[in-house]
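To keep things clear, I will list the structure first and then write my remarks on it.
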Amino acid sequence: MHTETHAITVTVNGTPYRRSVEARTLLSDFLRHDLLLAGTHIGCEHGVCGACTVIFDGLAVRSCLMFAAQADGHSIVTVEGLAADRHHLHPLQQAMRDCHGLQCGYCTPGILMTMKAFLDETPAPDEARIREALSGNLCRCTGYQHIVDAVKLAADRMRG
Amino acid sequence: MVTRNFGAPIRRNEDSRLLSGQALFVDDVELPGMLYAAFLRSNVAHAVIRSIDVSAARARGGVVAVYTAADLGDYWAPGPLLVPPPPIPGITFNQRTQVPLAKHKVRHVGEPLVVVLAQSRYLAEDALADIAVELDPLPAVTDLEQALSDASARVHDDVHGNVAARVRQSRGSYAAARAAADHVISRRFRYDHGASSPIETRGIVASWDARADQLTVWDTTQAPVFLRNGLAAMLGLSERQVRAIAPFVGGGFGPKIMLFYPEEVVVPWAAKKLNRPVKWIEDRLEHFFATTQERGQTHDAEIALTRDGRILGIRDVFLHDTGAYNPYGLTVPINSQCTLLGPYVVPSYDSTFTAVFTNKPIVTPYRGAGRQHGVFVVERLIDIAAHDLKLDRAEIRRRNFIPPDAFPYNNEIIYQDFAPLSYDSGNYGPILDKALEMIGYEHFLKEEQPHLRAQGHHVGVGLACYVEGTGIGPYEGAKVQVQANGKVSVATGIGTQGQGHFTSFAQIVADQLGVDVRDIDVVTGDTDQFYWGAGTFASRGAVVAGNAVNEAAKVVRRKILKLAAEHFECAEDDLEIAEGAVSVVGVPGQAIKLGALALKANPMRGAVRPGTEPGLESTQYFGPPGGATASGAHAMIVEVDPQTFMVKLRKYVIVHDCGTVINPLILSGQIHGGVAQGIGNAFYEQLVFDEDGQLLNASLADYLLPTALEVPHMEVAHTETPSPLNPLGIKGAGEAGAIPVGPAFAQAVEDALGLPDRGIELNEIPLSPNRLFELAGKLR
Ligand code: FES
Ligand code: FES
């Protein structure tokens, strides 16, 4: 099979990467397996579960629905870029821990990225807005209640 | 011992790793030279295999190997029977377990035929298109009643009538109860339970180290020890040559306890044969066929009562769909049979089920594991009785509860753990009362509902009670060890899929050893860290492994005190352990850190007394004499849109009794998650198969999981009846949330639409808006 490749430059969590990728390589696979940023998870590869969500030029997008080649020249933040390290968590991460907003933690990176983009736009959301913003991310473990609590708490803390 | 951690809502140790994207899941394992497996799966449900031609696939660039059943040679064998049938007299059981790659016949859509190993997953999947398979389709067996007829095709040629099993259990004389009854109700109930759908699908990575003669397997399993033992046996290795690791696992809910999945048989074999690491990660489409699921049962049930609503007896005859194979034995239908009895005194019971082979994916336990089906039947029968006898729905339940002084209460039938179904302890009245109070039952019925109805709102209340057998044997073990740096390590053989074991086990140890929870490092699911164990199933992790952890920590505590007493030349009673050190009470400065004591326990020079064990460590095992029975009640208020039949949950309350509570935060998370799955089950999760055995909704866009908009805010409360069967008094809580949602939902929707007075009953689950529209018809 003829496999076309593209040379791309993409900035992930502030670091520029130059790579050659096959045209068909999904952005999710590129992040996970080429750049070894495995914090971005894969739940469905058809755009429903939201586990693969990353922030792409400031917007939350599903990395399983994009090709790596489309990221050429763009800037991406993944869960690994949310905080400096695991001992200095982002307020959203800290609130998730404080409220027990995760169980298996598999959906969590996608939820953090979706909520990060949401809170950037909506710093003072009520519960209904949070639930709506969260409704594109599936979590099979928590029943969402503690995630909603965490987002509320994070919003309060981030507003200071 | 000052209890500070046990019972406290402590934040989880494992979270910072998970939150920062640093937790290792199976698909995160990257090894040099790794190959990627892809499976060609049957696209028909039932067929004879004529031929398979893999030559073109083998010739494709990047493909390293392609194997069919024939290539497996003597390695090809049906999988093990995980749970043999319980010792019930007169039982019929036909064992037919799944095979690694289909040989003569395919028996369900998605059954694997060929494996391709290639340099990338993309190339492996490309090569699947090169394979030519000729299948002669046979009629698919999909309907349970038709499957039993002589005219039906047979899933297994030698199993007449597709009967996988037939089991009858009874107590007392139902015939006598019926004859004595004032009122008898018989109905047909259908209960469908769907796919567990963890957000992480299944996967396995296997790596053979030829220099060390050692196989390492990372697997999304709930039972790493069984996986290791089975792989060793299959591959002709000793157990010590196989290391099975269940790293972070992205949700399990039951189907990840099942083994051996075909991929778990084929991938390690290929890794060894090719001497290269092999990875296989299930995609979401495969998950709908290749991972086990639960499905429907049809019950013909009858209840005999006195005029004042006391149950005299229940008879139930039901069919259970077990799919194409039955590797998990009878666990699911036995759970349905046993859990039907609920928290009620049922003096006579006569229950017979037939498990039926069909050309559909395999059925094994999914959270609740058949308990939902039984609870639905008994709760609905009681609701119908309440309506017929003009009794309040709560009152009729109360009248039939097993009284608190009747425990241990023996139901005189055999449970899934082969022991008699006996409830260890419970107190059901206060649970129901509390749930009624929290939902505002009286107020709702007397004031709110009439008021809202007058405004045109179709609102109703539903409630359901249940018991859940949890924490069954055989046993688990744990090793607790004080490290030289003062931290404590805890290792146990169970796997963990989000239940918070890294924290709850640490809480148990923290109290025994006076160490901060954050300084306790729990390892689960690595057979090189802990050798023995059974697995995480039947809501047993906290109960069985938790008690083993406690026992081991107690021994370590004794060792610490003994050694410190020698060190300080004082009596053990003069010592206290706190903040990671042992000190002599009332003598400032007389203290030694646990890490330093651990070093002393492992001297490098000098003589030690014979019989001395080095280190501050202990390995202990715990096996409960029987399962601990948790219980609870759920209540909800719903509003139904009379145009669209969309149901909105306006209020949801749960009262749960799972004995003593290790961590209320983790517990409420377990309950919330269970209820969310119960809501999906009650409302719209259904695997829709057509008559050819094709699944029509195999994607998350079509098989709908509840989102944050469908799952309401829940209020959880607890009552506490400790289990007498284990020193910590714990009962399991993993499945409870999911169990009673269906009947409470059906009852609430009936109430909202005033259906009982119109002679309409909702005797099936799920109740999607479409189905409700069909059943309830247009409202006037
Ligand atoms: S993996 Fe991308 S949305 Fe599910
Ligand atoms: S925490 Fe497991 S899927 Fe969300």
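Residue numbering restarts at 1 for every chain, and letters A, B, ... go by the order of the sequence lines. Values below: every heavy atom of this structure, side chains too, minus hydrogens, waters and symmetry copies.
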By a 4.5 Å heavy-atom criterion (distance strictly below it), what part of [X] contacts chain A: side chain, backbone, both, or neither?
{"X": "B/Pro9", "value": "neither"}
{"X": "B/Val675", "value": "neither"}
{"X": "B/Ser196", "value": "backbone"}
{"X": "B/Thr201", "value": "side chain"}
{"X": "B/Ala701", "value": "both"}
{"X": "B/Gln670", "value": "both"}
{"X": "B/Ile671", "value": "neither"}

Verify side chain to side chain contact (heavy atoms under 4.5 Å, CB included) between B/Tyr122 and A/Leu26, making sure each step is shown before the conclusion. CA-CA 10 Å; B/Tyr122 289 72; A/Leu26 297 179; 3.7 Å; yes
Would you mind checking which part of [X] comes under 4.5 Å of any heavy atom in chain B, side chain (CB onward), backbone (N, CA, C, O), both or neither?
{"X": "A/Ile111", "answer": "neither"}
{"X": "A/Tyr144", "answer": "side chain"}
{"X": "A/Glu80", "answer": "both"}
{"X": "A/Thr78", "answer": "neither"}
{"X": "A/Ala51", "answer": "side chain"}

Quick one: [atom1] on [X] to [atom2] on [Y], what's the gap to the nearest 0.5 Å?
{"X": "B/Thr707", "Y": "A/Glu132", "atom1": "OG1", "atom2": "CD", "answer": "10.0 Å"}
{"X": "B/Glu710", "Y": "A/Ser135", "atom1": "CD", "atom2": "OG", "answer": "8.0 Å"}
{"X": "B/Glu30", "Y": "A/Asp34", "atom1": "CD", "atom2": "CG", "answer": "9.0 Å"}
{"X": "A/Leu89", "Y": "B/Ser20", "atom1": "CG", "atom2": "OG", "answer": "6.5 Å"}

Using a cut-off of under 4.5 Å on heavy-atom pairs, state which of [options] scores highest against chain A.
{"options": "B/His287, B/Glu14, B/Arg121", "value": "B/Arg121"}
{"options": "B/Gly669, B/Ala676, B/Gly21, B/Pro706", "value": "B/Gly669"}
{"options": "B/Ser699, B/Ala23, B/Gly500", "value": "B/Ser699"}
{"options": "B/Gly498, B/Gly673, B/Ala708", "value": "B/Ala708"}
{"options": "B/Gly680, B/Gly251, B/Pro712, B/Ser197", "value": "B/Ser197"}

Please indicate whether [X] has more than 12 foreign heavy atoms, meaning atoms of other residues, nucleotides or ligands, lying under 6.0 Å from its [atom1].
{"X": "A/Arg159", "atom1": "CZ", "answer": "yes"}
{"X": "A/Glu127", "atom1": "CD", "answer": "yes"}
{"X": "A/Arg157", "atom1": "CZ", "answer": "yes"}

For the student: nearest non-hydrogen atoms of A/Gln93 and B/Leu19, plus distance: NE2-O, 2.8 Å
Residue pair [X] / [Y], side-chain heavy-atom distance below 4.5 Å:
{"X": "A/His33", "Y": "B/Asp27", "answer": "yes"}
{"X": "B/Ile666", "Y": "A/His100", "answer": "yes"}
{"X": "B/Arg11", "Y": "A/Gln94", "answer": "yes"}
{"X": "A/Leu102", "Y": "B/Arg12", "answer": "yes"}
{"X": "B/Leu700", "Y": "A/His46", "answer": "yes"}

Who wins among A/Gly105, A/Ala38, A/Cys49 for the most heavy-atom pairs under 4.5 Å with chain B? A/Ala38
Most heavy-atom pairs under 4.5 Å with chain B, out of A/Ile130, A/Leu112, A/Thr142, A/Val79, belong to A/Thr142
Quick one: does any side-chain atom of [X] pair with a main-chain N or O of [Y] as donor and acceptor, under 3.5 Å?
{"X": "A/Gln145", "Y": "B/His672", "result": "no"}
{"X": "A/Arg140", "Y": "B/Ile199", "result": "no"}
{"X": "B/Arg284", "Y": "A/Ile42", "result": "no"}

Going through the checks in order, is the side chain to side chain contact (heavy atoms under 4.5 Å, CB included) test met by A/His41 and B/Glu200? CA-CA 8 Å; A/His41 290 160; B/Glu200 180 202 37; over 6 Å; no
Is any NZ, NE, NH1 or NH2 atom of the basic residue among A/Arg24 and B/Glu125 found under 4.0 Å from an Asp or Glu carboxylate oxygen of the other? no
Tell me, with the steps shown, if A/Arg32 and B/Asp28 meet side chain to side chain contact (heavy atoms under 4.5 Å, CB included). CA-CA 8 Å; A/Arg32 291 180 47 76; B/Asp28 305 344; 2.8 Å; yes
Just do the side chain to side chain contact (heavy atoms under 4.5 Å, CB included) check on A/Cys141 and B/Gln497 with the steps written out, would you? CA-CA 9 Å; A/Cys141 296; B/Gln497 307 87 37; over 6 Å; no
